[in-house]
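Throughout, protein chains are lettered first and strands after them, A, B, ... in sequence-line order, and every chain is numbered starting at 1. Being a predicted model, the structure only gives us computed values, none of them experimental.
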Amino acid sequence: MNTRREFIGQATCAGFSLAGMLSTMGTLRLFNASLSAQTIPFDTDFKALICLFQYGGNDGNNLIIPMDASGYAAYATARGAALALPSTNLNALTLPAGDGRSFGLHPSMPRLAGLFNAGKAAAIANVGTLVGPLDKTKYKKGGAGVPPYLFSHSDQQVQWQTSVPDSPLKVGWGGRLADMTQALNTGSQISMNLSLAGENYFQVGNEVFQYPLNTSGSIGLTNYTSTSTPTKQQYAAVQAVVGHSYGHVFEQEYVNVMGRAIGNDTLLKGILDPSKIPLYNEKFVASTTSGLGTANPTLNPVASQLRMILRMIAAQKALGMKRQIYFAAVGGYDTHDNQLTGQAKLLGQLDNGLADFNQAVADLGMANNVTTFTASDFSRTYAGNITGSDHAWGNHHFVTGGAVKGGQIYGNMPDLTLGGPNDTGSRGSWIPGISTDEYSATLAKWFGISPGNMAMVLPNIGRFAQPDLGFML
Amino acid sequence: MNISLTPFWRRQPQNSSLLTALVTISFSLLGAIPARAQVAPVITVSPISQSVFVGSTVTFTAAATGTPTPTYRWYRNGVSLPAISTTLTLTGVTANDTGNYTMVASNSTNTATSKPAFLNVVTSPSTAIVSFTIGDDGNWEYSPIPTNEALAGRFLIQASFGPSAASVADLLSTSYAGWIDTQLVMPPSFHLPYVRARATEYLNRKSGDDGYQKPRQEAWWQNAIVAPDQLRQRMAFALSQILVISQDSNLDDDNDGVAAYYDILVRNAFGNYRQLLEEVTLSPMMGTYLSMIRNQKPNVTTGQQPDENYAREIMQLFTIGLSQLNLDGSVQLDSGGAPIPTYTQADIVGLAHVFTGWGPYYDPANPPKKDNGTSETSNNWFRYGWDPLRPLTFYTNYGDLQTRTIVGGVTVASTLTGPQRMKLALDTLFNHPNVGPFLARQLIQRFVTSNPTPAYISRVATAFNNNGSGLRGDLGATIRAILVDPEAHRADPLADNQYGKLTEPLLRMSRILRAFPPTPRIYGASGDNRLFLNLLSYPYYMDEQSPLFSPTVFNFFKPGFAKPGAITTAGLVSPEFQIYDDVTAMQESNRNYTLIYSNITVTEPVPTGMTIKLDLSEPLAILTATTPVRTRAEAQAVLVEYFNQRLLGGMMSAFLRQKILDSFTAAATAASNPLTYTSANELKRVQMGLYLVMFSPEFNVQH
């Protein structure tokens, strides 16, 4: 008998898969039936937190759009023809009874709307970098009460990822979170902080360092285990070089990276063998851009990272990891021009990647163990330039997963009036009502940090009113 | 009111005369020509900047039109010279002749002034260069020249794409300063001509296929490996990481335009930063990448405001950075100990308004034609036109001409024309005291060390601020200052375990390809030395670094990136570590494995496809030489020392040396299939040694 969870999972998938792909999906499901049906054991107290960063500054004003008549009319006027989305294709969000408001998601995100309406996704409205609660009057005074270098990509990316705008130290809150919970991963050779998108500040800890993964699996040295001459002797020398101590700090770091990569590859090649942890290509049909049905299909950039994350999640028990923190990212959101086409494509990829991933996690039975949240440099100006918009501030983000108390918008939508009480100036750059600290602390609490210890992960949390926004069950 | 920017016009064949015009470019910011019987002068050819040695003869040529025919006069730094024709000749030039030269054409209606040409008179060769070695008596010795191949190799790792037998011999015949001075006056090797020729070959083979990005990558590798103007090419490469555009963007199909942009960097590499900044700002490639092209003045009806993208990035990344700096690159602090921002959001808004009205190149006297032969209107061309090669034009209808305030409280008055407003903005940014230290630090990081001392930055910034002849922004003087500085020629680089830098993937690859240049296959006419090397296909694809292909305008790595761990604990920065991690480490090692033991895929000839190999004949000859008579062990030691001098600048540790020699011994005495001394096995020995050298920290970290 299907559990309620499985029923919802399948219904969601069937409801939103493309008609032409149904038969292919069916064929793939049959073909991989043995693997899909294979139950991979997992620790019920396992948790994985995934930061999905939208580099460049996603325009949240076109992510959640007012759908009531007067709200939409004002939106269309303020944003102008070059930026305003037509009202006809918005994906309506079902809000709790009595809420009274009407909002819709971008036309490219029907599946995220479906997750929201099924209670598996929550929206957090007008969240951004803050050094303390801020209103327009205080903002205009400037000074230390306002985060430095607002509207600068590199600085806002760092501030989102560290959540300490007023400190030059570049330690990420994901790093501090791993520092605090690393005892749960004793015996694991692999770092808790796993990056699918290279170096980032989110995963820089005081003790725990990030470990980068390739989207297609672990890479090792060519013919590393060969016993032929002279390959064998060559790699024996390699091992000596890697094991040596170097006085020069750059040389030592160079071999540290090399040595760790070699060692981790040996471990991961065993654990991630496709006969033990499936490739899961058939879970990402909607996210497939080419090679559908082949052994090595190409997925959109979001999904290709999430697919590897899925495999590592499935391998958590074999890896001895009770906790995992992931960083995935996609760029291209800096839509100074051609925003309508640019953002539509990016959000479409995000929609499929997130939805395919969430469904696949649910299929593993691990929906309650995995939470994904979005983040970005900043939102974009409500009033645009000719075909795009410029850098702004407070943004809307989504959290997805089985442990999310979904179907609600947390926080307050800003007053969408140009020059109004929430606008830094006249172009619609919203002063955030929720800090990255409160957003992050809610996630950290789910991950296992008690309120008393929260300041170790989010040092500025004491300045804000809501250390738990309530969007996690 | 949807505005579509579908570039239907971009596929039209290019006018080949555009290419010539681009190479000798100097563009005018003058306005339109009034239609009268008498015609005001117009400069049609501006003089071209030159660098020459003291004592040379210099000729500048310019040209102008006008009715009546104009009279001419030449000026140096604004002071008139006794030269009244379109040609200016100077004989026996001295350092006092260094400066900006302009020609002014006058007639009864008006005057016109050419773009300035900068004459750089170089004193040569200089002996005021520092190179210290420890003599046999243990004392420091001052010597102005590289005294051995290792030192020459070390300098060439800093200043070129890698040492070769020829370039080492060349450097050993002169001094460091002498080598630099020769490089400063060498003719540039450009990229666009190569790209155009290759694109034509592709199109002749298959209509519609111009080779996409392959020709541009081929041009880059061809110049990196073969071009004699190595320092200029290195400087252009360094500048491409500051004044960033990338084909990983909406420029992905603009192969000609991007090559032309790179040539702006090549041409101005030893010129003046003010000139470079202007050419970059008015490049249609940069205009597209950072969305300044077609940026419009505010629209009071719709409420649209000018795009702020370029205004922000030109300040943050191309000129002054985020915080006020001291000459030594340190950040100035206010009374509360906090950095002082260089600009406010209001400054960005002001500058964004100045950066409006600039659209694709348009000459009203010779407007572009539609398919039906009628002329494009300027309004139409502003909104829909395209010219990937020529600089942007100012369109009065679309530019903001109100009084605005930009950084430093500078007022841009409403009486100024669009080009004058642009000039004022660029002058203001260029003259900000931050520019010298801002650029000095980053250029030092690209050539010598990631963590220069404040004194080193000061010395280089000083050279930028004043090249010794009163000129600000002289890039030739700046790179010279970087490369002759004592800190570039530390006698004891290994004694300081924080000096130096992790090298860049592209420069590691180029170092190998220059040391062991693959033999170019002759394709078509003999004498064709093209390698057809683009390194775009597996396993050579370097996705962590590819020229003009960074993920964002923030380059492949940031100047301030510090790898978490011992590097941050030591208070150091390590930019190149931002793209060096477990994944890229494995990918590169395996790339090297294929490079050494297998083949390199190149793009010609088709359809058979082709591979070339590293030319390891030189190390093989060294290992197998029969004179002088040596034991096997001695021969192997000589080989390893050869690798040390040619590839490591003499920095090989005793530990690495021993490990390589041990691996030779272990292979020769292996229980199963020992590596005997056949010529095939001697090559394998060479290959194994090379792999280990390329794997070593000494190869990857430059001291």
Side-chain angles (χ1 to χ4, degrees), chain A residues 55 78 80-82 148-155 198-199 204 209 211-214 219-222 227-230 232-234 236-238 240-241 244 246-258 260-261 264-265 331 336-338 381 383-388 390-391 418 427, chain B residues 1-3 291 294-296 302-309 316 322 341 345 497-498 500-502 551-552 554 558 563-567 570 572 574 577-578 580-583 585-587 589-590 593 655-656 659-660 662-663 666-667 670 672-675 684 688 691-692 695-697 700-701:
Chain A
Y55 274 121
Y149 306 117
L150 281 174
F151 320 120
S152 158
H153 284 296
S154 50
D155 296 88
E199 296 280 344
V204 173
F209 296 132
Y211 177 65
L213 285 171
N214 193 282
I219 305 173
L221 293 176
T222 308
T227 53
S228 307
T229 309
K232 178 179 174 186
Q233 291 77 23
Q234 172 182 293
V238 157
V241 167
H244 188 62
Y246 297 87
H248 195 285
V249 61
F250 284 6
E251 289 188 348
Q252 184 61 53
E253 188 57 38
Y254 167 82
V255 298
N256 286 349
V257 171
M258 195 62 90
R260 191 178 62 203
N264 282 345
D265 172 65
H336 284 277
D337 49 8
N338 300 315
T381 51
N385 52 55
I386 300 300
T387 62
D390 290 296
H391 305 174
L418 296 177
R427 298 192 65 196
Chain B
M1 203 183 76
N2 286 322
I3 298 176
S291 55
R294 291 181 243 276
N295 198 15
Q296 292 187 34
T302 63
Q304 282 161 349
Q305 297 295 317
D307 183 321
E308 294 168 11
N309 201 7
Q316 180 167 348
L322 289 171
Q345 177 61 21
N497 66 6
Q498 298 181 350
K501 63 198 290 297
L502 185 70
T552 70
F554 289 90
K558 300 201 181 86
K563 180 113 180 149
I567 290 174
L572 303 174
S574 57
F577 268 103
Q578 189 171 345
Y580 184 75
D581 64 20
D582 309 53
V583 171
M586 294 291 99
Q587 286 175 335
S589 297
N590 293 338
Y593 190 98
F655 172 80
L656 178 66
K659 287 302 143 201
I660 297 176
D662 286 350
S663 73
S672 125
N673 290 330
L675 196 69
K684 283 188 189 171
M688 177 162 65
Y691 180 91
L692 291 173
F695 187 89
S696 70
N700 289 273
V701 177

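Contacts of A/Y254 classified as ring-ring contact (aromatic ring centres under 6.0 Å, His included), with partners at least two apart in sequence or in another chain: B/Y580. Residues forming a side chain to side chain contact (heavy atoms under 4.5 Å, CB included) with A/H153 (at least two apart in sequence, or on another chain): A/Q157, A/D334, A/D377, A/F378, A/H391, B/E313, B/F554.
Proximity to chain B (any heavy atom under 4.5 Å) is shown, for A/N214, by both the backbone and the side chain. Heavy atoms closer than 4.5 Å to chain A are found in the backbone of B/P306, but not in its side chain. Proximity to chain A is limited to the side chain of B/L692, based on heavy atoms less than 4.5 angstrom apart. In this structure, no portion of A/L418 lies under 4.5 Å from any heavy atom of chain B. If you measure heavy-atom distances from A/S228 to chain B, you find no contacts under 4.5 Å at all. Only the side chain of A/D155 comes within contact range of chain B, with at least one heavy atom under 4.5 Å from a heavy atom of that chain.
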> Passes side chain to side chain contact (heavy atoms under 4.5 Å, CB included), A/Y211 versus B/D582? Steps please.
Replying inline: CA-CA 7 Å; A/Y211 177 65; B/D582 309 53; 3.1 Å; yes

> Can B/Q345 and A/L150 be said to form a side chain to side chain contact (heavy atoms under 4.5 Å, CB included), step by step?
Replying inline: CA-CA 9 Å; B/Q345 177 61 21; A/L150 281 174; over 6 Å; no

> Can you list the steps and then say if A/E253 with B/S574 is a side chain to side chain donor-acceptor pair (under 3.5 Å)?
Replying inline: CA-CA 10 Å; A/E253 188 57 38; B/S574 57; over 6 Å; no

>> If you apply the rule side chain to side chain donor-acceptor pair (under 3.5 Å), what do you find for B/N309 with A/H336, and how did you get there?
In response: CA-CA 7 Å; B/N309 201 7; A/H336 284 277; 3.3 Å; yes

> Would B/M586 and A/M258 satisfy side chain to side chain contact (heavy atoms under 4.5 Å, CB included), going step by step from the backbone distance to the final call?
Replying inline: CA-CA 7 Å; B/M586 294 291 99; A/M258 195 62 90; 3.5 Å; yes

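Chain B forms more heavy-atom pairs under 4.5 Å with one residue of A/A78, A/G331, A/G388, A/A237 than with any other, namely A/A237. Each of A/I219, A/N256, A/D265 has some count of heavy-atom pairs under 4.5 Å with chain B, and the biggest count is that of A/I219. Between chain B and the residues A/A261, A/A240, A/A236, the largest count of heavy-atom pairs under 4.5 Å involves A/A261. When B/L322, B/I660, B/N673 are compared by the number of non-hydrogen pairs under 4.5 Å with chain A, B/L322 comes out ahead. Of the listed residues A/G247, A/G80, A/A383, the one with more heavy-atom pairs under 4.5 angstrom with chain B than any other is A/G247. Among A/V255, A/D337, A/N264, A/V238, the residue with the largest count of heavy-atom pairs under 4.5 Å with chain B is A/V238.
Contact between B/D581 and A/G198 at its shortest, heavy atoms only, is OD2-CA, 4.2 Å. When all heavy atoms are compared, the tightest approach of A/V241 to B/F655 is CA-CE2, 4.0 Å. Between B/A667 and A/T229, the closest heavy-atom pair is O-CG2, 3.6 Å. Across all non-hydrogen atoms, the minimal contact from B/L502 to A/F250 is N-CD2, 3.7 Å. The shortest non-hydrogen separation linking A/G220 to B/N590 is O-ND2, 2.8 Å. Nearest heavy atoms, B/V583 versus A/P212: CG2-O, 3.7 Å.
No side-chain heavy atom of A/Q234 sits less than 4.5 Å from a side-chain heavy atom of B/S663. Side chains of B/K563 and A/F209 form no contact here, defined as non-hydrogen atoms less than 4.5 Å apart. At a threshold of 4.5 Å between non-hydrogen side-chain atoms, the residues A/E199 and B/F577 do not count as touching. No side-chain heavy atom of A/I386 sits less than 4.5 Å from a side-chain heavy atom of B/D307. Here the side chains of A/Q252 and B/P697 are not in contact, with every heavy-atom distance at 4.5 Å or above. A 4.5 Å side-chain heavy-atom check between A/S154 and B/K558 finds at least one atom pair inside the cut-off.
With salt bridges taken as basic N to acidic carboxylate O contacts below 4.0 Å, one links A/R427 and B/E308.
At a cut-off of 3.5 Å, with distance as the only test, no side-chain donor of B/Q305 or A/T381 sits close to an acceptor on the other residue.
Atom OH of B/Y691 sits about 4.5 Å away from atom CG of A/L221, to the nearest 0.5 Å.
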